[in-house]
**Q** 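Sharing a structure below in structure tokens format, with a few things to ask.
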Amino acid sequence: MRLVIARCQVDYVGRLTAHLAMARRLLLIKADGSVLVHSDGGSYKPLNWMSPPCWLDERDVDAVPEGAKAFWVVTNKAGEELRITIEDIEHDSAHELGVDPGLVKDGVEAHLQELLAEHVQTLGPGYTLIRREYMTAIGPVDLLCRDADGSTVAVEIKRRGEIDGVEQLTRYLELLNRDPLIAPVAGVFAAQQIKPQARTLAEDRGIRCLTLDYDALRGTESNEFRLF
């Protein structure tokens, strides 16, 4: 991971346009290719970002706008750009973090995954389970399924559905859809509660949202082959 603290201006050019005026910020360039722009406030979420796959082009001196020290252009596969004009760099370092073991889910979230795997047709008629915890290069997908038409579906399960969960599923889908053996892969974002902003983002990216009833799922839990 590369960490850069710089005075910079950021412009996003794509389906939407956004502008961040010149100010001191933290720029994160992660090993998965994502680029994130953080301030010292506004909670943990970046002010702007580009999800992988994307490409960072640190432009030559001749291409740097007047008065700037550096000019970065981050481009995604859709051709959208994150343009970062850097006036001054205070810190620039790179660190090898290694492979992350992944997030350990809480009891309710883990149980939701078990229940939904057992009752996979909650996702829709004709759904079948391929595998729980289907591993990718950036972590395990909660459930990998097939729908009634035989198409592959990746399911991300949360207790509370927020934007971060949608971003996580988006990254999984981008990786899974590179595998010709299972592509095309659709996505389902399943949670007990889904925030409106997360639902809007998911639907904009073609991801279906499903609200889960934990008590109802527990009530339909199979007792077959159990003594008690």
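These values consider heavy atoms only, across backbone and side chains, with no hydrogens, waters or symmetry-generated copies.
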**Q** Between Tyr12 and His19, is the ring centroid distance below 6.0 Å?
**A** no

**Q** Closer than 3.5 angstrom, by distance alone: can the side chain of Arg208 be matched with the main-chain N or O of Leu123 as a donor-acceptor pair?
**A** yes

**Q** For the backbone of Ile157 and the side chain of Asp142, can you confirm whether one donor and one acceptor N or O come within less than 3.5 Å of each other?
**A** yes

**Q** Look at the side chain of Thr122 and the backbone N and O of Leu116, then say whether any donor-acceptor pair between them is shorter than 3.5 Å.
**A** no

**Q** Can you establish whether the number of heavy atoms outside Leu97 located under 6.0 Å from its atom CG is more than 12?
**A** yes

**Q** Please report the shortest heavy-atom distance between Leu143 and Ala117, naming the atom on each side.
**A** CD2-CB, 3.8 Å

**Q** With a 4.0 Å cut-off, would you call Arg24 and Asp88 a salt bridge?
**A** no

**Q** Kindly check if the number of other-residue, nucleotide or ligand heavy atoms within 6.0 Å of CZ (Arg160) is above 12?
**A** no

**Q** When you compare the side chains of Arg132 and Gln113, does any donor N or O come within less than 3.5 Å of an acceptor on the partner?
**A** yes

**Q** Return yes if a side-chain donor-acceptor contact under 3.5 Å exists between Lys158 and Gln193, otherwise no.
**A** no

**Q** Have Ser93 and His91 got a donor and an acceptor in their side chains that come within less than 3.5 Å?
**A** yes

**Q** To the closest 0.5 Å, what do you measure between OH (Tyr172) and CG (Asn177)?
**A** 15.0 Å

**Q** Answer with yes or no whether the side chains of Ser34 and Asp32 bring together a donor and an acceptor at under 3.5 Å.
**A** yes

**Q** Just how far is it from atom CG of Leu36 to atom NZ of Lys45, taken to the nearest 0.5 Å?
**A** 13.0 Å

**Q** Any donor and acceptor pair, going by atom type alone, linking the side chain of Glu96 with main-chain N or O of Gly98 inside 3.5 Å?
**A** yes

**Q** Nearest heavy-atom pair of Ile194 and Leu210: which atoms, and what distance?
**A** CD1-O, 3.8 Å

**Q** Answer with yes or no whether the side chains of Arg25 and Ser39 bring together a donor and an acceptor at under 3.5 Å.
**A** no

**Q** Nearest 0.5 Å, please: how far is CG in Asp57 from CZ in Phe71?
**A** 9.0 Å

**Q** Would you check if the side chain of Thr17 reaches a backbone N or O of Val13 as a donor-acceptor pair within less than 3.5 Å?
**A** no

**Q** Answer yes or no: are there more than 12 heavy-atom neighbours, outside Arg2 itself, under 6.0 Å from its atom CZ?
**A** yes

**Q** Among Thr85, Ile89, Leu27, whose side-chain contact (heavy atoms from CB on, under 4.5 Å) with Cys8 holds?
**A** Leu27

**Q** Could you go through residues 46-56 and list every donor-acceptor pair under 3.5 Å that involves a side-chain atom there, pairing it with any protein atom two or more places apart or in another chain?
**A**
unit_1	atom_1	unit_2	atom_2	d
Trp49	NE1	Glu167	OE2	3.2
Ser51	OG	Glu167	OE1	3.4

**Q** Would a distance-only check, ignoring hydrogens and angles, find a side-chain to backbone donor-acceptor pair under 3.5 Å from Asn76 to Ala78?
**A** yes

